[in-house]
Amino acid sequence: MSDRYDVVIVGAGQGGAQTAAVLRQQEHGGTILMIGDEPDLPYDRPPLSKEYLAGEKPFEKMLLRPPSFWADKKIDLRLGRRATSVDAEAHRVVLDDGAIVSYGALVWATGGAPRKIVCTGHDLRGVHTVRSRGDVDRLRCELATTSRVVVIGAGYIGLEAAAVLSKLGKHVTVREAMDRVLSRVAGEDLSRFYEREHRARGVDLRFGARVACIEENAGAASGVRLEDGEILAAEMVIVGIGITPAVEPLLAAGAYGGDGVLVDLQGKTSLPDVYAVGDCAAHANVHAHGAVVRLESIQNANDQATVVAKVLAGKPTAYDAVPTFWSNQWELRLQTVGLSKGHDAAVVRGKPEDRRFSVVYFREGKIVALDCVNAMKDYVQGKALIASGRAFDPSAVARADVELKSLL
Ligand code: FAD
């Protein structure tokens with residue numbers, strides 16, 4: 001005997017919750033089940049490396065919907081359960097307790113697991129990742145006995161954690177393998193700005209670092225040894241080196257993909273009636289000039305989920321949303337719109353030393369992205385410039401005394 005649902009959603013995070021909520025908004029009247037391997041109701045992940053880590057936001061305020069929402073909307077939840085395999089032909093999912101659930105449509109919204117560092121000591125007490133509430137709760141339990149922290153990886157999550165922990169009075173060291181921070185997602189002007197800001201506040205930040213091993217003392221991490229022989233003493237090590245999309249069951253079932261599962265602009269995978277959204281969904285993005293990308297952002301998870309829910313509710317649409325992202329470090333609010341990868345020119349509007357400026361990225365004369373630091377107006381108006389698809393004169397765009405919208 002197996003349960004049968006019209007829609008089964010695997011993953012009770014941002015994309016899964018949004019899919020379920022929009023299905024009901026769109027008056028989908030079928031049965032819906034959402035399966036999630038975390039014990040908690042769907043919650044907002046960004047505060048994990050910001051206010052929640054800092055102890056400034058209680059978990060209850062991070063819930064994506066009030067606890068009563070799910071029963072009110074007749075969305076069944078199975079939390080603390082993991083989907084382990086998919087039989088695409090039979091339209092069935094198997095869970096880690098052996099339960100079998102049949103589906104009319106399956107939505108895969110599993111995000112990703114933090115990439116582990118491959119070296120001796122990677123699993124010692126005191127070595128952490130920042131992906132789930134459980135991760136951050138474990139980390140916070142050790143804060144009282146921690147005075148030195150090494151962060152491996154200078155992406156957004158590593159830098160946000162570095163900012164919070166440094167504000168809490170910890171001595172924070174950041175080591176990055178590449179030659180600048182945020183190298184995967186931002187241009188050089190922005191990287192250099194954030195490097196200066198972190199260093200000015202006492203963060204020890206260096207590049208080209210390769211980790212040899214995590215040093216141990218009595219079963220716990222006592223530091224990080226680099227390949228060049230440097231030893232960084234620390235009671236806590238945070239590994240922030242990206243995620244691996246959680247798509248093994250789908251790939252094992254025959255779905256196309258590799259780094260994520262491949263979906264079309266309606267979120268459909270190559271398996272019949274199987275969709276994917278969010279961090280795990282690789283798609284040809286119009287804002288990346290058609291390149292296949294995976295985006296790891298709230299905007300992408302929400303917008304892809306909305307598209308899939310509409311498709312399932314019989315109101316088909318296609319995913320073409322302009323990518324957005326934000327990051328809070330210290331009192332710096334970064335808002336990003338568009339994708340800067342592949343840009344051929346960039347100009348800075350305003351002065352980084354004023355801590356209010358934007359980097360505007362061009363490709364073949366057109367604006368493809370903006371990184372705006374404490375510059376909300378540029379962020380809002382820049383979106384319209386990207387959407388216009390027009391070419392702009394970089395020297396006019398660089399003039400901070402001219403509002404971007406006046407260039408349209
Ligand atoms: P998730 O929200 O990760 O949800 C996936 C869920 O599926 C998880 O609960 C996972 O445990 C579960 N799961 C995985 N495999 C299975 C399985 N087999 N069976 C059942 N359940 C499974 N984005 C921004 O735009 N701005 C930010 O400032 C920002 N800050 C962030 C800070 C942190 C610390 C993190 C971790 C992320 C941040 N993000 C930010 C990214 C954003 O949170 C993600 O892009 C978004 O949550 C992706 O949604 P998702 O549904 O794809 O995955």
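Keep in mind that what you see is a predicted model, and the values were worked out from it rather than measured. Whatever order the structure lists them in is the order used to number ligands and atoms, beginning at 1.
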Any N/O of [X] closer than 3.5 Å to an N/O of ligand 1?
{"X": "W326", "result": "yes"}
{"X": "D279", "result": "yes"}
{"X": "Q299", "result": "no"}
{"X": "E160", "result": "no"}
{"X": "L48", "result": "no"}
{"X": "C280", "result": "no"}
{"X": "S297", "result": "yes"}

When you measure from [atom] to each heavy atom in [options], which option holds the nearest one?
{"atom": "atom 39 (N) of ligand 1", "options": "S132, P114, P46", "result": "P46"}
{"atom": "atom 6 (C) of ligand 1", "options": "A109, G16, P249", "result": "A109"}
{"atom": "atom 37 (C) of ligand 1", "options": "T110, I157, L95", "result": "I157"}

Salt bridge or not between [X] and [Y]? Use side-chain N to carboxylate O under 4.0 Å.
{"X": "K74", "Y": "D72", "answer": "no"}
{"X": "E142", "Y": "R148", "answer": "no"}
{"X": "R82", "Y": "D37", "answer": "yes"}
{"X": "D371", "Y": "R349", "answer": "no"}
{"X": "E160", "Y": "R333", "answer": "no"}
{"X": "E51", "Y": "K61", "answer": "no"}

Please check if the number of heavy atoms outside R24 that lie under 6.0 Å from its CZ is greater than 12. yes
Let me know which of E230, E176, E195 forms a salt bridge (Lys or Arg N to Asp or Glu O under 4.0 Å) with R206. E230
Which protein heavy atom lies closest to [atom], and at what distance to 0.1 Å?
{"atom": "atom 3 (O) of ligand 1", "result": "R131 NH2, 2.7 Å"}
{"atom": "atom 51 (O) of ligand 1", "result": "G15 N, 2.7 Å"}
{"atom": "atom 25 (O) of ligand 1", "result": "I298 N, 3.0 Å"}
{"atom": "atom 1 (P) of ligand 1", "result": "R45 NE, 3.5 Å"}
{"atom": "atom 7 (O) of ligand 1", "result": "G11 CA, 3.2 Å"}
{"atom": "atom 18 (N) of ligand 1", "result": "A83 O, 3.0 Å"}
{"atom": "atom 13 (N) of ligand 1", "result": "D37 OD1, 3.4 Å"}
{"atom": "atom 23 (N) of ligand 1", "result": "F325 CE1, 3.4 Å"}

Distance filter under 4.0 Å to [X] heavy atoms, resulting ligand 1 atoms:
{"X": "K50", "result": "27 (C), 28 (O), 29 (C), 30 (N)"}
{"X": "G111", "result": "5 (C), 52 (O), 53 (O)"}
{"X": "E38", "result": "8 (C), 9 (O), 11 (O)"}
{"X": "R81", "result": "20 (C)"}
{"X": "V10", "result": "17 (C), 19 (N), 20 (C)"}
{"X": "G278", "result": "52 (O)"}
{"X": "S49", "result": "32 (C), 33 (C), 34 (C)"}
{"X": "V130", "result": "34 (C), 36 (C)"}

Please report the closest heavy-atom contact between [X] and [Y], naming both atoms and the distance.
{"X": "P249", "Y": "A83", "result": "CG-O, 4.0 Å"}
{"X": "V211", "Y": "C119", "result": "CG1-SG, 4.1 Å"}
{"X": "V277", "Y": "A109", "result": "CG2-CB, 3.6 Å"}

Considering only heavy atoms from C-beta outward, does the side chain of V368 approach that of F362 to under 4.5 Å? no
Going by heavy atoms in the side chains, are V322 and H287 under 4.5 Å from each other? yes
Would K377 and E403 count as a side chain to side chain contact (heavy atoms under 4.5 Å, CB included) here? Give the steps. CA-CA 8 Å; K377 249 193 195 168; E403 287 208 342; 2.9 Å; yes
T306 and Q304 side chains, donor-acceptor separation under 3.5 Å: no
